[in-house]
Amino acid sequence: MYGSLDISTSGMVAQRVRLASIAANIANKDAILDENGEANPYRRRHVMFEPGDPSAASADGRALGVHVSEIVSDEDAIRWQWDPDHPFAEKSGPRQGYLAVPDIDPVVEQVNAMEASRAYEANVVAAEATKTMLAQALRLLA
């Protein structure tokens, strides 16, 4: 029965990381400079899940649940916007006058955030149901 709580908890942790990544995507949808002030637009981040929970206490628990395996940047998530007067626009070549901007759609990110929050809520409900069943089982034993 304790494994059920581990599964729900691992799902909540994974969805929390996913929501943080989505929030970062929305916050940086207009960021065209990196931390060094160079023209390097923000790349959209995706959270990748894998089965199992390496942080679980028992061997059986490590086989259950889910965990974040990695957060990957989508290197192709760049859109070229015509803005020849911008100081960071391409100065020469085939993209002369174009500015590289992040290709992040706030609507898609909002839908992903709603999906992640619903999954988080489902894990909370499952954990609460498990706790209720455990409490009732203890009452039967007493």
Side-chain angles (χ1 to χ4, degrees), residues 1-140:
M1 191 64 88
Y2 182 68
S4 300
L5 284 174
D6 284 342
I7 292 169
S8 297
T9 302
S10 71
M12 286 186 276
V13 169
Q15 293 302 333
R16 186 189 68 215
V17 171
R18 183 176 174 210
L19 277 169
S21 174
I22 292 167
N25 289 341
I26 293 171
N28 290 297
K29 71 179 183 65
D30 296 321
I32 60 169
L33 302 178
D34 62 12
E35 62 275 359
N36 300 322
E38 302 290 325
N40 184 14
Y42 179 84
R43 286 359 185 244
R44 182 173 184 268
R45 304 308 199 258
H46 299 277
V47 176
M48 308 302 279
F49 296 147
E50 281 190 8
D53 183 9
S55 66
S58 67
D60 290 338
R62 285 188 287 279
L64 303 172
V66 66
H67 72 279
V68 174
S69 62
E70 64 181 322
I71 300 174
V72 295
S73 292
D74 185 357
E75 295 301 319
D76 296 329
I78 294 179
R79 185 171 38 89
W80 292 94
Q81 177 178 312
W82 176 250
D83 192 355
D85 297 328
H86 197 282
F88 293 107
E90 295 288 318
K91 304 294 184 220
S92 61
R95 293 195 170 120
Q96 181 177 350
Y98 283 91
L99 176 66
V101 296
D103 189 18
I104 296 172
D105 185 357
V107 174
V108 170
E109 296 299 324
Q110 275 299 121
V111 169
N112 289 339
M114 285 175 31
E115 180 184 9
S117 66
R118 301 283 183 195
Y120 185 93
E121 291 169 6
N123 281 299
V124 169
V125 169
E128 290 295 327
T130 301
K131 284 174 29 183
T132 302
M133 287 189 292
L134 285 170
Q136 289 182 0
L138 288 173
R139 262 193 299 253
L140 287 174

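In this text the structure is predicted, and so the values were computed from the model without any measurement.
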**Asked** Is it the case that more than 12 heavy atoms not belonging to Arg118 sit under 6.0 Å from its CZ atom?
**Response** no
**Request:** Check the pair Val111, Met114 against side chain to side chain contact (heavy atoms under 4.5 Å, CB included), reporting the backbone distance first and the verdict last.
**Result:** CA-CA 5 Å; Val111 169; Met114 285 175 31; 5.6 Å; no
**Asked** Which residue pairs satisfy the ring pair (Phe, Tyr, Trp, His ring centres under 6.0 Å) criterion with at least one member in residues 25-54, sequence neighbours excluded?
**Response**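 For residues 25-54: none.
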Between atom [atom1] of [X] and atom [atom2] of [Y], what is the distance when rounded to the nearest 0.5 Å?
X: Leu64; Y: Ser4; atom1: CG; atom2: OG; value: 8.5 Å
X: Thr130; Y: Asp6; atom1: OG1; atom2: CG; value: 10.5 Å
X: Ile104; Y: Ile22; atom1: CD1; atom2: CD1; value: 11.5 Å
X: Asp83; Y: Leu99; atom1: CG; atom2: CG; value: 6.0 Å
X: Glu115; Y: Ser117; atom1: CD; atom2: OG; value: 9.5 Å

**Asked** So which pairs with a foot in residues 98-113 pass side-chain hydrogen bond (donor to acceptor under 3.5 Å, both in side chains), sequence neighbours left out?
**Response** Asn25-Glu109, Arg44-Glu109
Closest approach of [X] and [Y], non-hydrogen atoms and distance?
X: Pro106; Y: Lys29; result: CG-CD, 3.7 Å
X: Asn123; Y: Met12; result: CB-CG, 3.5 Å
X: Gly65; Y: Ser10; result: CA-OG, 3.3 Å

Contact check, side chains of [X] and [Y], non-hydrogen atoms, under 4.5 Å:
X: Pro41; Y: Arg43; result: yes
X: Gln15; Y: Leu19; result: no
X: Ile32; Y: Pro102; result: yes

**Request:** Without swapping roles, check the side chain of Ser8 against the backbone of Leu5 for a donor-acceptor pair under 3.5 Å.
**Result:** no
**Prompt:** Checking Ser69 side chain against Met48 main chain: does a donor-acceptor pair fall under 3.5 Å?
**Reply:**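 Confirmed, Ser69 side chain pairs with Met48 backbone.
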**Request:** Decide yes or no on salt bridge (Lys or Arg N to Asp or Glu O under 4.0 Å) for Lys131 and Glu128, but give the supporting numbers first.
**Result:** CA-CA 5 Å; Lys131 284 174 29 183; Glu128 290 295 327; 3.5 Å; yes
**Item:** salt bridge (charged side-chain N to carboxylate O under 4.0 Å, His left out) partners for Arg45, two or more places apart
**Value:** none
